[in-house]
Amino acid sequence: MVHTLSGVRLATLPYIHKPSGSSSHGDWRNSSLSFMIWKNNFASCKIFAQKSSYDSDSRSATVAASEDVPVPSTETDCSASSLLETPGAVLTDPKPIQDSDGQLMSCDEQESVAASPVAEDGKKDTESSGASPGPRTVPPPGSGQRIYDIDPLLRGFDGHLDYRYGQYKRMREAIDNYEGGLDAFSCGYEKLGFSRSAKGITYREWAPGAQSASLIGDFNNWNPNADVMTQNEFGVWEIFLPNNVDGSPAIPHGSRVKVRMGTPSGTKDSIPAWIKYSVQSPGEIPYNGIYYDPPEEEKYVFRHPQPRRPKSLRIYESHIGMSSTEPIINTYANFRDDVLPRIKKLGYNAVQIMAIQEHSYYASFGYHVTNFFAPSSRFGTPEDLKSLIDRAHELGLLVLMDIVHSHASNNVLDGLNMFDGTDSHYFHSGSRGYHWMWDSRLFNYGNWEVLRFLLSNARWWLEEYKFDGFRFDGVTSMMYTHHGLQVGFTGNYNEYFGFATDVDALVYLMLVNDMIHGLYPEAVTIGEDVSGMPTFCIPVQDGGVGFDYRLHMAIADKWIELLKKRDEDWKMVDIVHTLANRRWLEKCVAYAESHDQALVGDKTIAFWLMDKDMYDFMSFDRPSTPSIDRGIALHKMIRLITMGLGGEGYLNFMGNEFGHPEWIDFPRADQYLPNGKFIPGNNNSYDKCRRRFDLGDADYLRYCGMQEFDRAMQHLEEKYGFMTSEHQYVSRKDEGDRMIVFERGNLVFVFNFHWTSSYFDYRIGCLKPGKYKIVLDSDDPLFGGYSRLDHKAEYFSSEGWYDNRPRSFLVYAPSRTAVVYAPEDEPEPVEKL
C-alpha cells in the first residue's frame with residue numbers, strides 16, 4: 001500500500017513508539033512516524049520524520065508488503081517491513097498517551113486487565129493459570145532452516161520459504177522495536193475499547209475513516225452531543241468519562257452502548273469493535289453492545305487448575321446451543337451440568353466448543369462472527385462461560401475454542417464491516433476483501449492494527465476465559481488468495497509456494513502461534529487446512545507455520561466417497577493410503593466425520609449406511625434388517641480404523657458417537673435470494689437443532705451399542721496410548737480377503753471388511769513375541785455385535801517371518817469386524833462404567 005504526497009510515493013509505516021523500558025506492556029504513544037521515500041528500485045532509500053496521514057481510499061496503515069511473491073525480489077527491497085531495519089532512521093521520541101488526570105497510563109494499572117485466578121483463601125492461584133507458572137516469554141526467532149533437514153524437497157522452494165521467514169522476522173523485529181514485543185502487542189484489549197481506572201472510564205476506538213465520533217448509550221440517553229470523542233493522528237478516537245460525584249462509574253454495568261460516527265458513507269451507529277458482551281433485545285433485530293464490568297462479588301473466580309496438554313488428544317466437538325435433547329437453545333450452565341460429565345464418561349480428554357464468538361445469525365453455526373471479543377449471549381453470560389470452563393478443568397478436560405480469524409460477518413449493523421464507513425478498515429478493499437462463497441469479509445493481515453486486533457483476540461480468550469487452545473477455522477482460505485475454491489490440491493509443491501500464496505496471512509499465523517506457544521506453553525493450536533501445506537505443523541523457529549496439529553480433512557471426504565459405492569468396490573489400499581498419508585513430524589487430528597457432515601443437505605455416516613431404516617428398526621423389540629446390521633458393523637469399523645491409523649489425535653462431533661439419526665437444521669424462515677430463487681425455511685423450528693443423547697442412553701435401542709463401542713475405543717486409547725506411539729506398521733492390505741492388519745504401539749489391529757467371508761486360523765504378522773489377548777472386539781454383544789469370538793481364547797506368537805513381520809499368530813476374523821489384540825502383559829481393557 002502506498003500513499004501519494006506531492007508526487008512522492010510513500011510506504012505507510014505501522015503505529016510506532018520506542019519502548020519505555022520498565023512497562024511490561026506497550027503503551028499507545030503519540031509519536032511521529034517515519035516515512036521512506038524512493039524514486040525507483042535502484043535509488044537509495046531516504047528516511048525522514050513525518051506525522052501519519054491516512055489515504056482516503058484505505059484509511060489504514062499497511063506494514064508488511066501485501067504483494068504475494070513466490071521468491072524474494074532480486075532488486076532493492078524498499079517495502080515498509082524491510083525498511084524498518086534501515087540504519088539511520090530518524091524517529092522522534094514518542095509522547096506517551098495520558099489519562100484525563102495527567103497520569104501516564106500503564107497497562108499494568110488498567111483495572112480492565114483480566115485478573116489472575118484467585119484461590120478460595122483470596123490469594124492468587126498460580127497453579128490454575130496453567131501447568132507452567134512463572135514468567136512467560138515469546139522466544140526470539142530462530143534460523144528457520146530446519147525445515148530443509150526435515151524435508152529436503154523444500155530446498156527447491158527455499159527462495160519463497162526464506163522470503164516468508166524473512167517477512168516474519170522483520171515483523172517480529174518491528175513489533176519488538178515499536179510495541180515492546182508480542183507480549184505487549186497482544187494486550188490491545190487493555191487500551192482499546194473500554195478500560196476503567198480509579199478515576200473513570202476511557203473508551204478508545206481505531207476508526208481512521210470516521211469524520212466524527214461520539215459515545216452514546218443508556219448512560220447519556222443516547223445523546224450524540226453529550227460525549228463527543230477526539231481523534232489523534234493515528235485514527236484513534238478517545239473519550240474519558242470521569243466517575244460520578246458519588247464515585248460510581250459514569251457507565252453502569254450492563255447498560256447498552258454504541259459509537260455514533262460520521263463517515264464518508266453517512267452517519268452510522270456501531271457496536272464498539274472491542275466490546276466484551278453484546279445482546280439482542282427482545283423484539284429488536286440489531287444487537288447492542290453492553291458495557292460489561294460486573295462488581296467483584298459477581299465475577300466468577302476460577303478454582304481449578306488447567307490440565308496439562310495430554311500426549312494423545314481425543315476431542316469431543318460440540319455446540320452449546322444445540323446440545324439439549326429438547327428443541328431449544330441450550331445454555332452454558334446446562335452444558336456444564338449435563339454434557340461435560342457425559343464427555344468425561346465417554347473417555348474424551350478435550351472438548352472443542354463451536355460458536356463462542358458472538359454471531360448475530362444463529363444459523364451461521366458461529367462462523368459469521370460479529371463481535372470477536374464477546375461470548376455469545378444466546379447461551380448465557382461471560383461468567384456462565386467461565387464456570388463451564390472451570391468445571392471442565394475440574395473433570396480433567398481441555399477446553400478448545402473454535403476461533404474464526406479467517407473471515408468476518410458482512411453484517412454492517414452489528415459487526416466490523418464498514419465499521420468506519422470504509423470497506424478497507426479491517427479488510428482488503430474490493431473483491432480481495434470479499435469471500436464470494438461464504439458471503440463474508442476477508443481480513444487484511446498486512447495491516448498493523450488488524451494484527452493487533454487478531455493477536456489480542458486470541459490472547460483475550462486464553463487469558464480471560466482460560467481456554468486451553470484453539471481450532472483455527474478456515475486456514476486454507478487464509479493462506480491462498482484463491483481461498484482454496486475450485487482448486488484441487490495434488491501435493492505438487494508449486495501449489496503451495498507461488499503467487500497464489502498470501503504471505504501476509506502466513507506471517508500472521510506464525511505470529512499467533514508464536515505468541516500462544518510462548519506465553520501459554522501448554523496451549524494447543526489446531527489448523528483447519530485441506531490443502532496439505534508443507535511445514536504447517538513445524539515450529540515457527542524451524543521455519544514452519546507453528547500449529548500443533550492439522551485437521552486430517554481428507555479422511556471424512558474419503559469415507560463419504562466410499563459410502564456412495566458398493567462394498568465390493570472398496571479398495572483396502574485406498575483406505576490405508578488416505579489414513580496414513582500425512583507428513584513426517586506433522587501431527588494430525590483424524591476424524592471420520594465432523595459437524596460438516598451432520599448439516600442439512602449432507603448425511604452422517606450412520607445415515608449413509610442405514611438411511612430411513614434408522615427410524616423403524618433401531619429398537620431391540622423389532623427384528624433388525626440387513627441395512628441395520630451392515631450399518632452398525634461398518635460404523636464401528638470406520639471409527640476405529642480412523643482413530644487407529646489416521647493421526648495423532650481424534651475428533652468426533654457430539655451425537656455421532658452413537659450414530660445420531662437426524663441432521664442439523666437451524667431455525668430459519670423462507671427467503672428469496674437476490675436472483676429471485678425461493679429457499680423454503682423450516683418455520684423457524686428448533687426440532688432438528690438439538691442432540692438426542694437420550695437415544696444413545698436407551699438400553700432398548702441399538703444406538704446404545706454404538707455409543708458403548710465409542711466409549712470403549714476412547715478408553716482403549718487412554719490405556720495404551722497407541723495414537724502417539726512411534727511404532728506404526730501396516731502389514732497387510734489384502735484386496736481379495738478385504739483384510740487390513742496393522743500395528744500401532746504394542747497393539748495389533750485386525751479389520752475384516754468382507755461382507756460375507758469369515759476366516760478361521762487366519763495368520764497375522766506381529767512384532768512382539770508371547771501371548772496375545774483380545775482387548776477390543778466390535779462383535780461384542782455389548783456393542784451390538786453377535787459374539788462370534790471367544791474372549792477367553794489365548795493367542796501365541798510363533799517365530800518366522802510373515803507379512804514382513806518377524807512373528808505371527810492365528811486368529812478367527814469374522815466378517816465385518818474389527819478386533820484389537822495386545823500382549824498379555826499389557827493393562828486390562830476398561831470395563832463398562
Side-chain angles (χ1 to χ4, degrees), residues 64 68-72 141-169 171 405-406 445 471-485 487-514 516-517 524-558 577-590 645-649 726 728:
D68 299 306
V69 296
V71 295
S143 65
Q145 298 298 299
R146 186 168 177 262
I147 53 173
Y148 304 121
D149 297 330
I150 295 171
D151 183 359
L153 292 177
L154 292 173
R155 294 190 184 278
F157 301 87
D158 58 355
H160 176 101
L161 290 163
D162 288 347
Y163 172 78
R164 184 180 83 182
Y165 202 73
Q167 291 296 94
Y168 153 75
K169 290 179 70 174
M171 186 60 70
H405 282 181
S406 51
Y445 301 103
R471 175 245 194 210
F472 280 82
D473 175 68
V475 176
T476 302
S477 175
M478 299 171 65
M479 295 191 298
Y480 309 97
T481 55
H482 53 59
H483 311 302
L485 300 177
V487 175
F489 291 95
T490 65
N492 187 313
Y493 280 19
N494 288 296
E495 298 165 351
Y496 307 114
F497 311 121
F499 286 105
T501 306
D502 190 332
V503 175
D504 288 345
L506 280 158
V507 168
Y508 164 68
L509 293 172
M510 295 163 76
L511 290 171
V512 74
N513 276 301
D514 239 4
I516 292 171
H517 291 129
V524 177
T525 61
I526 304 169
E528 186 198 31
D529 171 40
V530 71
S531 74
M533 164 70 78
T535 77
F536 191 75
C537 295
I538 300 297
V540 175
Q541 288 188 311
D542 297 332
V545 183
F547 284 99
D548 294 308
Y549 296 88
R550 179 205 313 273
L551 280 180
H552 200 335
M553 302 178 70
I555 296 176
D557 293 337
K558 175 56 66 177
H577 173 75
T578 300
L579 291 170
N581 183 24
R582 52 189 187 273
R583 298 182 60 80
W584 184 49
L585 295 182
E586 299 196 40
K587 295 186 291 186
C588 289
V589 172
L645 202 55
E648 293 73 26
E726 294 184 1
Q728 305 174 40

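Values below: every heavy atom of this structure, side chains too, minus hydrogens, waters and symmetry copies.
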- Message: Would you say that Phe547 contacts Ile526 through its side chain, given a criterion of any heavy-atom pair below 4.5 Å between the two side chains?
- Response: no

- Within the side chain of Glu586, is there an N or O that forms a donor-acceptor pair under 3.5 Å with the backbone of Ile538? no

- Indicate the atoms forming the closest heavy-atom contact of Asp548 with His517, along with that distance. OD2-NE2, 2.8 Å

- Provide the closest heavy-atom pair for Gly647 versus Ala590 in the form atom of the first, atom of the second, distance. N-CB, 3.9 Å

- Message: Are more than 12 heavy atoms, taken from residues, nucleotides or ligands other than Arg146, located less than 6.0 Å from that residue's CZ atom?
- Response: no

- Grab the two heavy atoms, one from Thr525 and one from Asn513, that are nearest each other, plus how far apart they are. OG1-OD1, 2.8 Å

- Within a radius of less than 6.0 Å around NE2 of His577, do more than 12 heavy atoms belonging to other residues, nucleotides or ligands occur? no

- Task: Please answer whether the main-chain N or O of Gly474 pairs with a side-chain N or O of Glu528 as donor and acceptor at a distance below 3.5 Å.
- Result: yes

- Query: Rounded to the nearest 0.5 Å, how far apart are CG of Leu161 and OH of Tyr148?
  - Reply: 4.5 Å

- Item | Heavy-atom pair with the smallest gap, counting every atom of Val540 and Met510 | CG2-O, 3.6 Å

- Can you name the closest pair of heavy atoms from Gly543 and Arg164 and give their distance? O-NH2, 3.0 Å

- Message: If we ignore hydrogens and angles and just use 3.5 Å, is the side chain of His552 paired with the main-chain N or O of Thr578 as donor and acceptor?
- Response: yes

- If you take all heavy atoms of Gly142 and Tyr165, which pair is closest and at what distance? N-OH, 3.1 Å

- Donor + acceptor pair across side chains of Ser531, Glu495 (<3.5 Å): no

- Is there side-chain contact between Tyr445 and Leu511, with heavy atoms separated by less than 4.5 Å? no

- Query: With a 4.5 Å limit on heavy-atom distance, are the side chains of Trp584 and Asp151 in contact?
  - Reply: no

- To the nearest 0.5 Å, how far apart are CE in Met533 and CE in Met478? 11.5 Å

- Query: Is the closest basic N to carboxylate O distance between Arg155 and Asp149 below 4.0 Å?
  - Reply: yes

- For residues Asp502 and Tyr508, is any side-chain donor paired with an opposing acceptor at under 3.5 Å? no

- Between Glu648 and Cys588, is there a donor-acceptor pair closer than 3.5 Å when you use the side chain of the first and the backbone of the second? yes

- Kindly compute the distance separating CD (Gln145) from CG (Leu154), expressed to the nearest 0.5 Å. 11.0 Å

- Message: Donor-acceptor check, side chain of Asn492 to backbone of Asn494, threshold 3.5 angstrom: yes or no?
- Response: yes

- Can the ring centres of Phe157 and Tyr496 be said to be less than 6.0 Å apart? no

- Item | Nearest-0.5 Å distance, CG of residue Asn581 to CD1 of residue Ile555 | 9.5 Å

- Does some side-chain heavy atom of Lys587 sit less than 4.5 Å from a side-chain heavy atom of Cys537? no

- Item | Ile147 side, atom CD1; Leu585 side, atom CG - distance, nearest 0.5 Å | 13.0 Å

- Can you spot which of Phe489, Phe499, Phe497 makes a ring pair (Phe, Tyr, Trp, His ring centres under 6.0 Å) with Tyr480? Phe489

- How about Gln541 and Pro141: do any of their side-chain heavy atoms sit closer than 4.5 Å? no

